[in-house]
Novice: 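Below you'll find the structure I mean.
It should be emphasised that the depicted structure is a prediction, and the values quoted were computed from it without experimental measurement. The figures here come from the full heavy-atom set of this structure, side chains too, leaving out hydrogens, waters and symmetry mates. Sequence positions, counted from 1, serve as the residue numbers for this chain.
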Amino acid sequence: MTDSELWKPLEISPADIGAQPGADGLLAWLSAQDVGSLLVEHKALVFRGFGVAPATLNPVIDMLLPNRLAYVHGNSPRTKVGDNLYTSTDYPPEFTISMHNEMSYAARWPARLIFFCQQAPTSGGATPVVDGRLWLDAIRPEVREAFAGGVRYVQNLHGGLGLGKSWQATFETDDREEVEAFLKDTDAEWEWRADDTLWISQVRPATIRHPVSGLEVWFNQADQWHVAGLGEEAADLMELLSEDEAPQSAQFADGSPIPAEWIVHIQQAGLKHAVDVDWREGDLMVIDNVLVGHGRRPYAGQRRVLVAMSD
């Protein structure tokens, strides 16, 4: 038995809970549960076979996510499709998205995520999930020790033309004062550049402890922000850019470089211990965003998985 087989999400079907298929049956069951306690115990829940559809999705999300959040300061390419409801990612389908905890680079991150499969792909496209404690334990001691001071994340958000997301898309506004008000509450360093680029630098922890269970978990996105974690084609492009031109980068907290081989090791450790959740139309998954990291496998065909977040 591998380490990843020691944990997997709890899968729940109508038969498991004595409910009729349909959103009403799921809502009736959820109304009698302490979802927070279930998530602390199981870390991720997959609801399968209830036949939830876009028309019946919002009440289920509202039950599972008591305070739906906007994706402000999010760095993943997404499309907003409803009330703080987004596509899970618009990243090209041929690429793997490595394991991460949503917005772990930010001053505030969501406590829970919910995923909804509106359309399953022809093949592939699973959402791998990883127990953050297993991930931490799989990282070599000298690497964990080097990250003890945290991670420095640096962003160069263009004003409408350039690589990566613009500051307008990142903060869901074109009002500089709104952006400044947000950043003043984050302990980040930031400045507007002459070309309308917004430069942001912030130091965040590499590990945190869950507020309820107390478990320490790997909780950062250094490998996704570092050039060595972007794949060969993207890395080749980023090598042509100066530090002030790269949309995002990661260093140790003191600004010193993170060795590329450590970035590769971190990514491989996360993916090695991940468990794939394969999607069927109407499936839902809710995860504790501190205890569980997630990613995406490559896929063929059309795939539409939506995501919402909560504090």
Novice: Please test L38 against Q33 for side chain to side chain contact (heavy atoms under 4.5 Å, CB included), starting from the C-alpha separation and ending with a verdict.
Specialist: CA-CA 8 Å; L38 278 174; Q33 306 302 312; 4.2 Å; yes

Novice: Would you say the side-chain atoms of S213 pair up with the backbone N or O of H210, donor to acceptor, closer than 3.5 Å?
Specialist: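 Looks like no, no N/O pair under 3.5 Å.
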
Novice: With heavy-atom distances below 4.5 Å as the criterion, would you say the side chains of W109 and F219 are in contact?
Specialist: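 Counting from C-beta outward, W109 and F219 do come under 4.5 Å.
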
Novice: Is it true that atom CD of Q302 has more than 12 heavy atoms of other residues, nucleotides or ligands lying nearer than 6.0 Å?
Specialist: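 Open.
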
Novice: Let me confirm one number: the CG-CZ distance from D288 to R112, rounded to the nearest 0.5 Å.
Specialist: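 Going from the CG atom of D288 to the CZ atom of R112 covers 8.0 Å.
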
Novice: Does R204 count as lying over the ring of Y153, i.e. NZ or CZ under 6.0 Å from the six-ring centre, within 45 degrees of the axis?
Specialist: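 Pair R204/Y153 does not count as cation-pi.
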
Novice: Under the side chain to side chain donor-acceptor pair (under 3.5 Å) criterion, do H158 and Q168 qualify, and how do the steps go?
Specialist: CA-CA 9 Å; H158 63 80; Q168 295 94 330; 5.7 Å; no

Novice: Listing request: all salt bridge (charged side-chain N to carboxylate O under 4.0 Å, His left out) pairs with a residue in residues 16-44, at least two apart in sequence or in separate chains.
Specialist: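 Matches after skipping sequence neighbours: K43-D131.
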
Novice: Quick one: side chain to side chain donor-acceptor pair (under 3.5 Å) partners of R304, sequence neighbours excluded?
Specialist: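 If we apply the side chain to side chain donor-acceptor pair (under 3.5 Å) test to R304, skipping adjacent residues, the hits are Q118.
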
Novice: Do Q224 and H100 pair up side chain to side chain, a donor and an acceptor below 3.5 Å, judged on atom types alone?
Specialist: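 Q224 vs H100: donor-acceptor pair found between side chains.
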
Novice: Name all residues meeting the ring pair (Phe, Tyr, Trp, His ring centres under 6.0 Å) criterion together with Y299; count only those two or more places apart in sequence or in a different chain, and write none if there are none.
Specialist: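 Partners of Y299 under the ring pair (Phe, Tyr, Trp, His ring centres under 6.0 Å) test: none.
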
Novice: Should E102 and M309 be marked as a side chain to side chain contact (heavy atoms under 4.5 Å, CB included) after you check the CA-CA gap, both sets of side-chain angles, and the distance that decides it?
Specialist: CA-CA 9 Å; E102 199 65 49; M309 310 169 198; 4.3 Å; yes

Novice: Hey, do the aromatic rings of W190 and W167 have their centres closer than 6.0 Å?
Specialist: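 Between W190 and W167, the centre distance exceeds or equals 6.0 Å.
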
Novice: If we only count heavy atoms from C-beta on, is the V307 to I114 side-chain gap below 4.5 Å?
Specialist: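 Counting from C-beta outward, V307 and I114 never come under 4.5 Å.
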
Novice: Any side-chain to backbone donor/acceptor pair from T96 onto S98? Under 3.5 Å, distance only.
Specialist: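 Checking the backbone N and O of S98 against the side chain of T96, no donor-acceptor pair under 3.5 Å is found.
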
Novice: What residues form a salt bridge (Lys or Arg N to Asp or Glu O under 4.0 Å) with R176, not counting sequence neighbours?
Specialist: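 Per chain and number, R176 pairs via salt bridge (Lys or Arg N to Asp or Glu O under 4.0 Å) with D196.
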
Novice: May I ask you to decide if A44's main-chain N or O and H42's side chain share a donor-acceptor pair within less than 3.5 Å?
Specialist: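 No; zero donor-acceptor contacts below 3.5 Å.
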
Novice: Tell me every residue that passes side chain to side chain contact (heavy atoms under 4.5 Å, CB included) with T89, counting only those two or more places apart in sequence or in another chain.
Specialist: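 In terms of side chain to side chain contact (heavy atoms under 4.5 Å, CB included), with neighbours along the sequence ignored, T89 is linked to S76, P77, Y91, I97, R296.
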
Novice: Take E281 and R303, measure what salt bridge (Lys or Arg N to Asp or Glu O under 4.0 Å) needs, and give me the verdict at the end.
Specialist: CA-CA 10 Å; E281 187 174 319; R303 177 187 188 270; over 6 Å; no

Novice: Sort out for me which residue in V129, V46, V275 forms a side-chain contact (heavy atoms from CB on, under 4.5 Å) with K8.
Specialist: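 Output: one option passes, namely V275.
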
Novice: Would you say CD of E191 has more than 12 non-hydrogen atoms from neighbouring residues, nucleotides or ligands within 6.0 angstrom?
Specialist: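 Atom CD in E191 is packed in, count exceeds 12.
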
Novice: What distance do T79 atom OG1 and D90 atom CG have between them, rounded to the nearest 0.5 Å?
Specialist: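 Between T79 OG1 and D90 CG, I get 3.5 Å after rounding to 0.5 Å.
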
Novice: Identify which one of V179, L157, T186 satisfies the side-chain contact (heavy atoms from CB on, under 4.5 Å) criterion when paired with I200.
Specialist: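 Result: among V179, L157, T186, L157 is the only option passing the side-chain contact (heavy atoms from CB on, under 4.5 Å) with I200.
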
Novice: Is any side-chain heavy atom of N156 closer than 4.5 Å to a side-chain heavy atom of P247?
Specialist: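 N156 vs P247: side chains apart.
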
Novice: Going by heavy atoms in the side chains, are V217 and V290 under 4.5 Å from each other?
Specialist: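 Yes, side chains in contact.
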
Novice: For H273 and D137: C-alpha separation, side-chain torsions, deciding distance, then whether side chain to side chain donor-acceptor pair (under 3.5 Å) applies.
Specialist: CA-CA 10 Å; H273 295 285; D137 289 345; over 6 Å; no

Novice: I'd like to know if D276 and R297 make a salt bridge, using a cut-off of under 4.0 Å between side-chain N and carboxylate O.
Specialist: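 Looking at D276 and R297, the cut-off is met.
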
Novice: Please report the interatomic distance CG(L198) to OG(S166), rounded to the nearest 0.5 Å.
Specialist: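 Between L198 CG and S166 OG, I get 10.5 Å after rounding to 0.5 Å.
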
Novice: Using ring centroids (six-membered ring only for Trp), state whether F147 and W262 fall under 6.0 Å.
Specialist: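 For W262 and F147, the ring centres are not under 6.0 Å apart.
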
Novice: By side chain to side chain donor-acceptor pair (under 3.5 Å), which residues pair with D83, not counting sequence neighbours?
Specialist: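 Partners of D83 by the side chain to side chain donor-acceptor pair (under 3.5 Å) criterion come out as none, since no residue qualifies.
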
Novice: Show the numbers, then the answer: is there a side chain to side chain contact (heavy atoms under 4.5 Å, CB included) between L57 and L85?
Specialist: CA-CA 10 Å; L57 177 61; L85 182 65; 4.2 Å; yes

Novice: Checking R152 now: which residues fulfil side chain to side chain donor-acceptor pair (under 3.5 Å) with it, not counting sequence neighbours?
Specialist: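 With neighbours one apart ignored, the set is E189, S201.
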
Novice: Please assess Y105 against N220 for the test side chain to side chain donor-acceptor pair (under 3.5 Å), listing each intermediate value before the final yes or no.
Specialist: CA-CA 6 Å; Y105 55 84; N220 68 82; over 6 Å; no

Novice: Would you indicate whether Q20, at its atom CD, is surrounded by more than 12 heavy atoms from other residues, nucleotides or ligands within a distance under 6.0 Å?
Specialist: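 No, the 6.0 Å shell around CD holds no more than 12 heavy atoms from other groups.
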
Novice: I want to check something: taking the side chain as every heavy atom from C-beta on, are W135 and L271 in contact at a cut-off of under 4.5 Å?
Specialist: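 Side chain of W135 against side chain of L271, heavy atoms only: no contact under 4.5 Å found.
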
Novice: Roughly how far apart are I139 CD1 and W218 CH2, rounded to 0.5 Å?
Specialist: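 Going from CD1 on I139 over to CH2 on W218, the span is 4.0 Å.
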
Novice: Is the closest side-chain heavy-atom distance between S88 and L306 below 4.5 Å?
Specialist: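 With C-beta onward as the side chain, the pair stays apart.
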
Novice: Sort and list the pairs that fulfil salt bridge (charged side-chain N to carboxylate O under 4.0 Å, His left out) and have at least one residue in residues 248-264, not counting sequence neighbours.
Specialist: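 Salt bridge (charged side-chain N to carboxylate O under 4.0 Å, His left out) check on residues 248-264 returns no pairs.
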
Novice: Are any non-hydrogen side-chain atoms of F50 and P21 less than 4.5 angstrom apart?
Specialist: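 F50 vs P21: side chains apart.
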
Novice: Got a sec, which residues hit salt bridge (Lys or Arg N to Asp or Glu O under 4.0 Å) with E142, two or more places apart in sequence or on another chain?
Specialist: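 For E142, the residues satisfying salt bridge (Lys or Arg N to Asp or Glu O under 4.0 Å) (neighbours in sequence not counted) are R140.
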
Novice: For D311, what residues pass the side chain to side chain contact (heavy atoms under 4.5 Å, CB included) criterion, not counting sequence neighbours?
Specialist: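 For D311, the residues satisfying side chain to side chain contact (heavy atoms under 4.5 Å, CB included) (neighbours in sequence not counted) are N67, L69.
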
Novice: Which of these, I287, V130, V277, sits in a side-chain contact (heavy atoms from CB on, under 4.5 Å) with H294?
Specialist: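 Testing H294 for a side-chain contact (heavy atoms from CB on, under 4.5 Å) against I287, V130, V277 leaves exactly one candidate, I287.
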
Novice: Step by step, would you call E178 with F171 a side chain to side chain contact (heavy atoms under 4.5 Å, CB included)?
Specialist: CA-CA 8 Å; E178 286 187 27; F171 292 97; over 6 Å; no

Novice: Closer than 3.5 angstrom, by distance alone: can the side chain of R133 be matched with the main-chain N or O of E216 as a donor-acceptor pair?
Specialist: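 Checking the backbone N and O of E216 against the side chain of R133, a donor-acceptor pair under 3.5 Å is found.
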
Novice: How long is the straight-line distance from CZ of F116 back to CE of M285, given to the nearest 0.5 Å?
Specialist: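 CZ of F116 is found 13.5 Å from CE of M285.
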
Novice: Under the salt bridge (charged side-chain N to carboxylate O under 4.0 Å, His left out) definition, can you give me all pairs with a residue in residues 51-65, not counting sequence neighbours?
Specialist: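 Residue pairs with at least one partner in residues 51-65: D62-R68.
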
Novice: Apply side chain to side chain donor-acceptor pair (under 3.5 Å) to D185 and list each qualifying residue two or more places apart in sequence or on a separate chain.
Specialist: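 For D185 the side chain to side chain donor-acceptor pair (under 3.5 Å) partners, ignoring immediate neighbours, are R108.
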
Novice: So how far is it from Q202 CD to L183 CG, rounded to the nearest 0.5 Å?
Specialist: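 With rounding to 0.5 Å, CD (Q202) is 8.0 Å from CG (L183).
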
Novice: Report yes if some heavy atom in the side chain of V305 is under 4.5 Å from a heavy atom in the side chain of W279; otherwise report no.
Specialist: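 In short, these two side chains touch, coming nearer than 4.5 Å.
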
